[in-house]
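Within every chain, numbering begins at 1; the chains are lettered A, B, ... in the order of the sequence lines, protein sequences first and strands thereafter. When reading the values below, keep in mind they use all heavy atoms of this one structure, side chains included, and skip hydrogens, waters and symmetry mates.
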Amino acid sequence: MDAVERENAARQKKWAKDQKIGEGAYAVVYRGREVSTGRQVAIKKIKVGQFKDGLDMSAIREVKYLRELKHQNVIELLDVFSSKTNLNLVLEFLETDLELVIKDRSLVFLPADIKAWIAMTFRGLEFCHRNWILHRDLKPNNLLIAADGQLKLADFGLARDFADPGYKMTCQVITSTAVDIWSVGCIFAELMLRTPYLPGESDMDQLKTTFRALGTPTEEDWPGHTKLPDYVPLEQFQRTPLRDLFTAASAECLNLLAKCLIYDPKRRISAKEALNHPYFFDLPYPSHPSKLPKPAKKETMPLDDMDGNVEMTGSGPGVRAKAPNNKLKRKLSTDEGGPRSIARRLDFTKS
Amino acid sequence: MSNRSGWLRGTTVRKGGASSSSNNTRHTTPQVQSTSTTIFGGGVKDPSGRTSEYFSMEDQCPVCKSDRYLNPKLRLLVGSCYHKMCESCIDRLFTLGPAPCPICGKTLRKLAFAPQTFEDLGVEKEVAVRRRVAKDFNKRRDDFVDLRSYNDYLEEVEDITFNLINDIDVPEIEARIARYKVENAALIELNVQREEQYVQQLKYQEELDRSEKEQRAEDLRRLEEEEREEREKGRQEIIDKLETSDKDAAKLVARSRAEALKRASARSTATSNTFMSSNTFMSNSRLLRSRAAQSTIVRDIPHVPLQDNWYAYDDKFVLGNRYNDPISEAVRRDSQGIMRAGGYYVEEAWERALRSSVAGLDTLPLSGIRAVDTITPTEDADIVMAPA
């Protein structure tokens, strides 16, 4: 047994695996605990072998970036070890996610609650950006919520580092922090509306929905965008004032939202600027994390976030040119058992 | 003869008095409706007008012995000594001023006679006395320091009431009441005002409830009206179409009916939606209130932008305007702004390079190696290197 194997065996002994709590496209998630302290953890076992070239890309990404990030508002990767042919990630165990909170109709959000969630999101994101990491897949079900109410960014399967000085950059790759800010803007809007803001079926539909809500960008709004590769001229829409949709929001709140949803990535607000926005300093103060609403406990853990949400059919992330607003396309986590199975059933009856 | 000569401040309509005169063997007591202006014993008015005057077929005036058989319109009134007599006797005896009661000899005045409410005159008297005592003795529990003294007070009030009802030591009791009134004038006045306020509030609430009910009824009526009009219009439409169009009659009728049905269902969902939304609003407001109550336990703290001790080495370097950077040359020469439109900043890459180059300057060579092996990352470390 060489040193590496010995080390791995020692690591493996530190964690005990309990029952399975979720399964995704490329990983199975178990509830586990630290043997020495009994602390609850989530163990994510990456399925190896179904990918031609070994490990899945997003698993590597997740390990690569989470290993470097430790922050109150980012999920903590406690350990990594291998068992037989599998790779195991030991992650912090988190109770619920923001999507479940939004969908639970019995919960009422105060303006202060939304402020607290958005502030925590920006804090975690600012930390990633400060360390030159883009998340690129922000959505409510990737924002996990700990027992004490702290919100944590999770699922770095699509993350990427940016501004690497040794890298020759092309415009084919999304390399700006602004993409994450756009996503936060959409999450912000969703928290207020309690329904996905700018939902899109496909890439084109996504663009249309976005333009319908925010107006088709002009060369002035977003200099140079018409020269981007794959640019498709779309029909012109008029921008509807945000005030029409968010009737109850405060002026500062809408100001921040509008700054998150600016087309030109250069002019879009940065995470750090956002955290210093007057919206957060105004009354009411953001709710204390322990007071934030939480869905009622259920026996099964919603660990869709753990499936890495890799689309097996989709092309690899970051390969194709994508407009920044592509990011907000939502893969509904409940799709697995819900509408999709019904559609399948209908197919059977037809044939 | 009718005695409604106006000496009585209230007018009383006596229903059934004439018709029952032929049937005076009836033993029921016909209920006489008083009006809202009738003044009962103790100067009480009943604004609702629902209190009925006591009235019996066996009524007989103890003074002139006239009864209902002789005078179907006989009406007995009660004086301040709680003896009854008929209206004509009162007129006869007291028109010229105060005179003694023919039964007990107490001096009575014409204006002090009032209709009877209760069959038992003892009850009549007790109610009047209690009403009078309560007007002055209107202290509340809040006016006393402890329950004991409040109970003592209530007992005293009860003693006074009992003595007044049973005519024991009346002059002494009257003196006591007068004394009490002088001593507690301010408090009595205050409590009277409080009572008035309470009554006002109650009235306001009642008014609110009533108007709400009316509003609902009105809405419902309007809805029905609209529906009726809609039906009427639909029928007229069919008739018009049948008249003007040369299409198949059955088809026309069917189509019009389907359209009418669609409109009706749209309307009904609209109304049910408004009901629904008001319901959810109600439950939401209740939830919000419970959340607000919770907020007193844990205090919210003002926003702190960054909560970790972040050190960006900003004091260790100054970012220049341009560098000789062959890698990013293409981007900088991007005349059409394509790269910029995609959000790429050359400056960011430069900043990253500079920051990484100065990041380790403070660290002594070979220090911290053991720590990395054994100690888990501390809270404040901002970038944690993976243990080897």
Answer yes when Arg352(B) and Asp161(A) have at least one side-chain N-carboxylate O distance shorter than 4.0 Å, and no when they do not.
yes
Roughly how far, to the nearest 0.5 Å, is the CG atom of Asp113(A) from the CG atom of Asp300(B)?
8.5 Å
Who wins among Ala116(A), Pro286(A), Pro289(A) for the most heavy-atom pairs under 4.5 Å with chain B?
Pro286(A)
Answer yes or no: does atom CZ of Arg210(B) have more than 12 heavy-atom neighbours from other residues, nucleotides or ligands under 6.0 Å?
yes
NZ (Lys233(B)) with more than 12 external heavy atoms under 6.0 Å:
no
Should the pair His303(B) and Phe281(A) be assigned to parallel (<30°), tilted (30 to 60°) or perpendicular (>60°) ring geometry?
perpendicular
Separation between CD of Gln307(B) and CD of Gln72(A), rounded to the nearest 0.5 Å:
5.0 Å
Is it true that, when you exclude Glu214(B) itself, more than 12 heavy atoms of the residues, nucleotides or ligands shown sit nearer than 6.0 Å to its CD?
yes
To the nearest 0.5 Å, what is the distance between CG (Leu306(B)) and CD (Glu126(A))?
4.5 Å
Does Tyr285(A), at its OH atom, have more than 12 non-hydrogen atoms belonging to other residues, nucleotides or ligands within less than 6.0 Å?
no
So for Lys115(A), is it side chain, backbone, both, or neither that comes closer than 4.5 Å to the heavy atoms of chain B?
neither
